[in-house]
Every structure is written in structure tokens, then in C-alpha cells.
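Data block below; observations after.
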Amino acid sequence: MSFVSLGLIDPLVRTLAELGYETPTPVQAQAVPAVLAGRDVMAAAQTGTGKTAAFALPILQKLTMEGTKVASNSVRALVLVPTRELAEQVHQSFLAYGASLPLRTHVAYGGVSINPQMMKLRKGLDLLVATPGRLLDLHRQNAVKFDQVRTLVLDEADRMLDLGFARELDAVFAALPARRQTLLFSATFSDEIRAMAGKLLRDPLSIEVSPRNTTVKAIAQWIVPVDKKRKPELFMHLLKKKRWGQVLVFVKTRKGVDQLVDTLQAHGVAADSIHGDKPQPARLRALERFKAGEARILVATDVAARGLDIDDLPLVVNFDLPIVAEDYVHRTGRTGRAGASGEAVSLVCADEVVQLAAIEVLTKQTLQRVDEPGFEPDHRVPVTNTRGEVVKKPKKPKKPKGDARVTEIDVRFARR
Ligand code: AMP
């Protein structure tokens with residue numbers, strides 16, 4: 001993937017090449033097109049993921065392309081950050097990425113004289129990076145007006161709340177125009193952050209690029225060993241036997257997704273799917289149907305489900321284990337949020353033992369195996385451990401021939 005394919009204009013692409021950025025990071029790949037398209041974004045991304053460029057690049061492009069003239073003391077885009085250090089750092093990034101663009105930007109934070117900041121604002125700014133306290137000071141002194149603000153970024157939102165900026169933030173939000181694009185970046189998503197996001201963002205694209213590498217303890221996780229070809233049958237069996245309600249099911253391939261949906265529908269179970277062949281609107285429709293309870297089962301591939309706002313589910317089923325262990329954490333994270341209990345069940349066949357071992361290493365736990373009577377596999381799933389070792393089981397002893405050997409074994413056991 002290239003920066004050009006994200007829809008960035010030539011001057012930005014050239015600057016990035018000069019800076020030695022060759023490929024977009026995952027958060028950039030997801031956020032840039034969405035921001036360019038005008039969507040709100042809620043991203044779980046820590047420092048080091050390239051999050052700054054993820055919002056800076058599309059904002060610089062939009063400010064350039066829209067070319068609105070900024071009135072005195074006005075700003076068109078506002079980036080709020082928790083500390084002066086971050087304010088400087090983020091502003092430096094805007095300066096670096098926007099080096100060839102004709103934009104006016106500045107930075108404002110407390111602890112230094114307010115006058116030079118006021119002077120800069122007098123002519124108006126395309127973009128201002130600020131800490132919340134100083135921004136409010138400037139606003140109260142009429143040095144900055146918000147009516148031209150079309151884009152708001154909250155960077156490191158969790159730290160802003162930790163540092164006690166909640167009231168300042170609320171005051172800023174209240175003074176901003178309602179019609180705007182809002183981008184929220186946070187390393188963690190506490191209830192407070194979620195509440196803030198719920199209030200501020202409109203139909204945001206959720207992006208998560210730094211999975212916590214341990215799964216939440218409240219989620220009951222277990223695996224059912226099964227032969228590959230019997231997975232659909234086992235799924236139908238468990239669905240009925242365990243009276244599963246709404247289930248999000250992850251399948252490795254698009255073809256696999258379609259096959260499972262066909263099986264479910266053939267059994268009269270309302271199921272829908274999201275995978276890479278479906279355009280985004282169709283994926284969203286499927287998601288809406290699922291959320292509205294019109295589809296009981298939603299079958300998805302990892303790629304298609306990424307970035308979609310699906311969580312707080314009672315149950316996630318891994319019909320296939322993911323190729324990348326981190327995706328297991330992503331998938332299970334969609335159940336049992338906010339203190340609710342959740343369950344993650346994986347149907348595992350012998351071929352998947354390497355993926356299973358990788359998941360157990362990453363999540364630092366051995367997943368409990370629960371055999372389903374009648375579905376015990378012919379091809380055993382080798383025993384794994386959290387050191388990533390696949391403990392090869394000794395070959396099953398050949399079936400004894402004739403009664404004599406049976407007796408011999410029986411005798412041995414009897415002697416113990
Ligand atoms: P951030 O997560 O925004 O703090 O960025 C972390 C570091 O990654 C910064 O030093 C950026 O200059 C650098 N960086 C951001 N995006 C890219 C990229 N696509 N390629 C190479 N370096 C990058």
C-alpha cells in the first residue's frame with residue numbers, strides 16, 4: 001500500500017518521500033481515507049503507531065483543498081493535546097508534513113506569555129494546536145473564535161482526562177460549532193472516554209491498532225477440538241444445544257463465510273455476512289441488521305470486521321482460528337466489554353495447532369479444551385503450552401489384535 005493509494009495529493013506524497021516514509025502504518029491506512037471522506041474517527045492508537053500523521057496528513061490536505069479564507073482571530077482546524085511537549089511535537093509534525101503547503105499554523109499552551117499567541121491569532125490560522133486550558137484563556141479574551149472550526153482533533157484524550165481537563169474540554173466543546181468533523185485518539189478506552197466519544201462523535205469509524213496483548217479475564221474462553229470437515233455440523237449442533245442467541249462468527253476466508261451462511265440459511269437460521277467482497281455500505285447494512293436483531297448470526301472475516309463498531313456481544317465464535325494471533329485478541333475483545341460477561345469459543349482442528357500455540361503464548365494462557373460428545377476428532381489436536389511448544393503426543397497404540405492382548409493390558413492395569 002502506498003500513500004498515493006490513500007488519496008493523498010502530490011505535494012504531501014512528495015514530502016513524505018523526502019522524510020523517508022515509504023508505507024502508511026496501519027492507523028494511517030485506515031484513518032487517512034476516512035478523514036478525507038469527512039468521517040468522524042475514534043482510534044485506539046498509542047504513540048509510536050504513526051497516529052499523528054494519521055490525522056495530520058488528511059487535515060492538511062482538506063485545509064489546502066477547501067482553501068477557505070480564514071477570518072481574523074479565527075481557526076479552521078483545532079488539535080487539542082494534554083501537554084505542552086505534545087503540543088510542540090504535534091505542531092512540528094504539521095510543519096514537517098505541510099512544508100510545501102501554503103497554510104498558517106501555530107501552537108498555544110500555558111506556562112508561557114499569552115501575547116505572542118494572541119498576535120499570531122490576529123490574522124487567523126488554518127490550524128491551531130493547543131492545550132485545553134490555554135485555549136480557553138484565549139477564547140475568553142476573544143483572541144480566538146470558533147465559528148470557522150470544521151475539524152476538531154482530540155489527541156491522547158485519555159491523558160487529557162487524567163490530567164483533569166474534563167471541565168475545560170466541556171467548555172470548549174460547548175463553544176464549538178455543532179457541524180464539524182471530530183477525530184478522537186486515545187491509547188486506552190475507559191468508560192469516561194467512551195462517554196465522551198458517544199457525545200462528540202457521529203457514526204465514527206472505530207480503529208484499533210494496538211491490541212492489548214492479554215484478553216480480558218471476564219471472558220470465558222474454551223476450544224472444542226474437532227475435525228475440519230465437521231466444523232459446520234458442530235457449529236449447528238452447539239447453536240441448538242447451547243441455545244446460543246446472537247453470535248458473531250469469525251471465518252478465515254470469504255468462501256468459508258459464504259458456505260457457513262448458506263448452511264445456516266438452509267437450516268432456517270437468519271444469518272448475514274461481512275467480507276472483503278462486499279462494498280462498505282453492504283457491510284454496514286449487514287451490521288445494522290445484526291445489531292437490530294434481524295440477523296441472529298453475523299459471519300465475518302477479520303479484515304472485514306476490522307474497524308466496525310461491533311462489541312458488547314455475549315458470544316464470539318472462532319469457526320477458524322486467525323492466522324495472526326493478535327486477531328484472536330481483537331475478536332475476543334468484542335465480547336464481554338464494560339464488565340459484562342462474555343464467552344469466546346473456538347472450533348479447532350489439527351491443522352490449526354500452530355495458530356493455537358501462538359494464541360496461547362500471546363495471551364499467556366492455555367485454552368481449556370472441551371470435547372463435544374459425538375464430535376471427538378479422528379485427527380487429534382496436539383497438546384500445546386504457553387511456551388509455544390507443541391507437545392507431540394505419542395502415536396496412539398495400534399488397536400490390539402485378538403483377545404490375548406486385551407487381556408494383557410487389562411491385567412497390567414489390574415496389577416497397579
Ligand atoms: P507517532 O505515533 O505519531 O508519535 O509517530 C511515531 C514516529 O513514527 C514518528 O517519529 C513519525 O515520524 C514516524 N512515522 C509516522 N508514520 C510513519 C511512516 N508511515 N513511515 C515511517 N515513519 C513514520
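For ligands, and for the atoms within them, numbers begin at 1 and follow the listed sequence.
Note: no N/O pair closer than 3.5 Å links E22 and ligand 1 by distance alone. Here's the thing with F3: none of its N/O atoms is less than 3.5 angstrom from an N/O atom of ligand 1. For ligand 1, one of its N or O atoms has an N or O atom of Y21 under 3.5 Å away.
Distance alone, capped at 3.5 Å, is enough to place a donor-acceptor pair between the D40 side chain and the R202 backbone.
Distance remark: protein heavy atom not present below 4.0 angstrom from atom 10 (O) of ligand 1.
For the pair V247/R296, no side-chain contact is recorded, criterion being any heavy-atom separation below 4.5 Å from C-beta on. No side-chain heavy atom of R104 sits less than 4.5 Å from a side-chain heavy atom of V70. The closest side-chain heavy-atom distance from L367 to Y328 is below 4.5 Å.
Note on D155 versus K51: salt bridge recorded, some NZ/NE/NH1/NH2 to OD/OE distance being below 4.0 Å.
Residue T52 has at least one heavy-atom neighbour below 4.0 Å for each of these atoms of ligand 1: 1 (P), 3 (O), 4 (O). If you number the atoms of ligand 1 from 1 as listed, the ones under 4.0 Å from a heavy atom of T23 come out as 18 (C), 19 (N), 20 (N).
Looking only at heavy atoms of the protein, atom 16 (N) of ligand 1 is closest to Q28 NE2, 2.7 Å. Residue, atom and distance of the protein heavy atom nearest to atom 6 (C) of ligand 1 are G48 CA, 3.7 Å.
Proximity of L16 to ligand 1, defined as any heavy-atom pair under 4.0 Å, is not found for any part of the residue.
Heavy atoms of L19 stay at 4.0 angstrom or farther from ligand 1.
Residues forming a ring-ring contact (aromatic ring centres under 6.0 Å, His included) with F189 (at least two apart in sequence, or on another chain): none.
A pairwise comparison of heavy atoms in E168 and G133 identifies CG-CA, 4.1 Å as the closest pair.
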